[in-house]
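Here is how names work: the chains are called A, B, and so on, in the same order as the sequence lines, proteins then strands, and each is numbered from 1.
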Amino acid sequence: MNKRLLIILLYILPIPALLVSLFIGPSDAASGGEIFKSVFGFLSGESASGNNPELLNAVVFDVRLPRILLTFLTGSALAVSGCSIQAIFRNPLTDPYILGLSSGAAFGAALAMALVFIPVQLSAFVFGLLAVGLSYFVARKNGNVSVISLILSGIIVSGIFTALLTVVQYFSDPFKLQSIVHWTMGNLHNAGWKKLQSSFIPILAGILIMFIYRWRMNVLALGDDEARTSGINPEKDKLLILLAATLASSSAVAVAGIIGLYGLIIPHIVRMMIGPDNQQSIPLNFVFGGTFLLMIDNLSRTVSGFEIPIGVFTMLLGAPFFIYLIKKTNIGWEQ
Amino acid sequence: MGAINQAITVKNLSFAFSGLKVLDDVNTTIEAGKLTFILGRNGSGKSTFLRLLAGLLAFKNGEIEILGNKSSQLSFAERAKITGFLNQQHKAVFPFKVEEVVLTGRAGCINFIPKKSDVAMAFQAIEKVGIAHLQSRIYSELSGGEQQLVMISRLLAQNPKILLLDEPTSHLDFTNQMNLLRLLKTLVAEGLTVVSVLHDPNMAFVFGDDFLFVKDKQIIRSTPNFEPWDAGFLSFVYQSKLEAIPYKGRAILVPQIKVVTG
């Protein structure tokens with residue numbers, strides 16, 4: 001397909017995806033037909049038709065709309081962060097989940113939920129950052145961070161924070177426990193305006209910084225020596241981008257739980273479609289990352305009578321993808 | 001007068017890697033507008049010296065002056081306008097196009113997003129090196145020789161006054177080696193200063209203007225007493241018995257062959 005046409009399509013795609021998502025859900029009062037009737041009725045000046053206009057309004061605007069927006073932002077945050085992290089670590093096999101960031105942020109958020117007096121977003125960010133720092137520190141050997149050692153250290157760090165998360169769950173009272181467990185699996189079903197309010201600023205701020213630095217990532221992806229001798233301070237830029245990625249993805253984890261491997265899959269799909277140039281792929285990760293998670297969320301809402309946590313879907317989708325990448329990419333096992 | 005022609009002046013430079021001394025009180029100069037080769041054995045400190053010149057290694061003792069600027073006081077962006085650096089080998093992780101790789105050479109002059117003029121300079125550099133046909137190809141899928149040419153285009157897009165190259169021919173076949181060295185000679189003829197580490201002294205003597213030898217933590221250059229291609233001197237530098245064969249006023253060195261038979 002023509003690349004330019006493909007890019008235009010990717011930018012338009014969120015609009016139908018957002019509209020379709022508004023129609024999907026378990027409530028009969030807000031089925032597609034009812035919503036259509038209500039909108040049509042409103043336009044033709046008739047008084048509200050349908051059986052229950054107030055309920056319809058509540059379902060669409062207080063339940064579905066915030067959920068859709070939050071899902072979109074979460075998907076965008078993970079995809080843009082994943083793409084950025086891959087570029088600055090020069091590692092196509094990493095993302096917030098593999099790096100341990102998600103587990104760290106999840107532990108931080110759970111801790112805050114259990115203890116009440118710490119802000120959830122802040123705690124998620126701090127522990128997400130701690131996890132990334134730890135993964136990086138463990139993987140670094142003789143000034144080098146290899147592809148494999150970063151994956152391995154991510155596994156260990158992720159394991160530590162998952163264990164700590166279990167400890168938090170163990171000491172939580174049953175009411176809190178239920179919400180923590182639900183949320184850990186990656187879940188957007190109790191997303192509301194309040195959750196959106198608490199998260200959209202840090203998510204968008206993080207994404208904005210990564211957006212500003214998107215071309216620089218091309219330079220950083222070439223290597224430290226190359227960046228440095230062509231006039232860029234790689235340590236400073238990488239730290240800033242990493243902070244931005246941690247801010248966006250830990251905030252996403254704080255509201256939506258662990259959505260595993262999503263930040264790995266989307267940047268690769270975007271790269272396959274339009275190439276590795278981050279100047280183009282960062283904004284495309286934003287739109288496609290949001291759209292695709294919306295579609296997965298729609299699926300998880302409709303495929304069975306009860307809601308399957310979205311993290312389960314992305315994990316089942318991401319794992320074979322990861323295996324495919326290991327087989328395909330010429331990652332230097334020796335490097 | 002002489003000072004104006006110095007591209008690089010090194011004074012009392014010492015450098016150690018985790019306590020192990022690599023360079024000890026080095027004093028030398030590199031002339032502007034010339035093709036200077038740095039020669040010496042493996043592990044002698046050639047690459048270390050070049051990386052010190054490129055600002056990739058920090059030194060505590062001594063001073064390096066580059067076109068009148070104290071090296072230790074240059075910012076990344078300032079330095080990029082003066083010197084460009086080419087690594088021995090570059091491994092690409094992502095399948096960037098050649099034009100995208102070359103454009104990154106402009107990084108020092110680009111705030112966040114490249115301007116049209118930056119893209120134009122990248123294309124000029126690509127044409128200058130004669131790889132316009134590779135422009136839209138994937139960098140990581142090119143041969144070693146082509147990749148080196150791309151990285152040299154990247155340096156030209158950066159547009160520094162001095163090129164510092166670390167064994168640019170080490171992974172190239174004979175033809176590509178010659179082509180690359182010819183290109184360097186052309187760039188020097190057009191006013192650039194090129195400093196390159198090289199393994200092969202003969203290639204250096206065929207193409208180069210000036211020669212530095214790294215030996216015993218020191219940098220030696222020829223004196224009026226002996227030419228750089230002096231057989232005795234090179235036998236000392238390379239620790240192997242060599243014989244000089246005259247070539248165009250210079251000499252080509254061949255090893256003395258001593259076959260031990262039972």
Side-chain angles (χ1 to χ4, degrees), chain A residues 3 83 86-94 142-144 146-147 208-237 240-241 267-268 270-272 274-283 328-332 334-335, chain B residues 17-18 50-51 53-57 74-97 99-115 118-119 136 138-141 150-151 154-155 157-160 162-166:
Chain A
K3 198 167 129 185
C83 182
Q86 288 172 9
I88 62 175
F89 283 115
R90 305 183 72 217
N91 187 340
L93 290 179
T94 190
N142 303 327
N144 271 323
S146 80
V147 173
L208 180 68
I209 294 171
M210 292 184 272
F211 178 75
I212 291 172
Y213 276 78
R214 65 195 188 279
W215 183 78
R216 286 258 181 115
M217 291 176 197
N218 287 2
V219 187
L220 296 169
L222 279 190
D224 282 0
D225 286 352
E226 282 69 22
R228 207 171 277 136
T229 52
S230 59
I232 275 185
N233 182 347
E235 278 86 18
K236 196 186 113 215
D237 281 17
L240 192 70
I241 293 167
H268 276 282
V270 171
R271 218 172 275 137
M272 283 167 190
I274 61 127
D277 179 10
N278 293 294
Q279 197 185 332
Q280 280 190 325
S281 70
I282 290 289
K328 196 201 87 176
T329 337
N330 252 335
I331 43 165
E334 76 290 341
Q335 186 206 350
Chain B
F17 265 126
S18 49
L50 197 78
R51 293 176 82 82
L53 297 183
L56 286 171
L57 294 171
L74 287 172
S75 72
F76 289 97
E78 286 167 341
R79 186 189 298 276
K81 291 193 171 74
I82 304 174
T83 58
F85 175 78
L86 178 69
N87 245 329
Q88 219 178 98
Q89 204 184 6
H90 177 257
K91 196 168 162 262
V93 180
F94 298 102
F96 283 111
K97 280 185 192 168
E99 54 195 15
E100 289 162 351
V101 173
V102 173
L103 186 59
T104 62
R106 302 289 309 145
C109 300
I110 291 170
N111 265 337
F112 288 106
I113 297 300
K115 291 189 281 291
D118 295 308
V119 177
S136 304
I138 306 293
Y139 171 80
S140 48
E141 290 169 2
V150 173
M151 290 317 261
R154 182 177 177 273
L155 282 191
Q158 183 180 332
N159 195 24
I162 304 170
L163 304 188
L164 304 169
L165 318 173
D166 194 359

Residue pair B:Phe94 / A:Gln86: nearest heavy atoms and the distance that separates them: CZ-O, 3.4 Å
Please report the closest heavy-atom contact between B:Ala54 and A:Thr229, naming both atoms and the distance. O-CG2, 4.1 Å
Does any non-hydrogen side-chain atom of B:Phe112 lie less than 4.5 Å from one of A:Trp215? no
Would a distance-only check, ignoring hydrogens and angles, find a side-chain to backbone donor-acceptor pair under 3.5 Å from A:Arg216 to B:Asn111? yes
Would you confirm whether B:His90, through its side chain, and A:Leu222, through its main-chain N or O, come within 3.5 Å as a donor-acceptor pair? yes
Contact list for residues 220-233 of chain A, test salt bridge (charged side-chain N to carboxylate O under 4.0 Å, His left out), sequence neighbours left out: A:Asp224-A:Lys238, A:Asp225-B:Arg51, A:Arg228-A:Glu235
Heavy-atom cut-off 4.5 Å, strictly under: side chain, backbone, both or neither for B:Ser75 against chain A? neither
Counting heavy-atom pairs under 4.5 Å to chain A, which of B:Leu103, B:Leu155, B:Val101 comes out on top? B:Leu103
Under a 4.5 Å cutoff for heavy-atom pairs, which residue among B:Pro95, B:Pro160, B:Ser140 has the most contacts with chain A? B:Pro95
When every non-hydrogen atom of A:Asn278 is compared with those of B:Phe96, the smallest separation belongs to ND2-CZ, 4.2 Å
Checking side-chain hydrogen bond (donor to acceptor under 3.5 Å, both in side chains) against A:Ser230, which of B:Arg154, B:Gln158, B:Arg106 comes through? B:Arg154
Hey, does A:Arg214 have a side-chain heavy atom less than 4.5 Å from the side chain of B:Ile113? yes
Report which part of B:Ile110 has an atom under 4.5 Å of a heavy atom belonging to chain A: side chain, backbone, both, or neither. both
Measure distances from B:Leu86 to the heavy atoms of chain A and classify the residue's part below 4.5 Å as side chain, backbone, both or neither. neither
Where does B:Lys97 contact chain A at under 4.5 Å (heavy atoms): side chain, backbone, both or neither? side chain
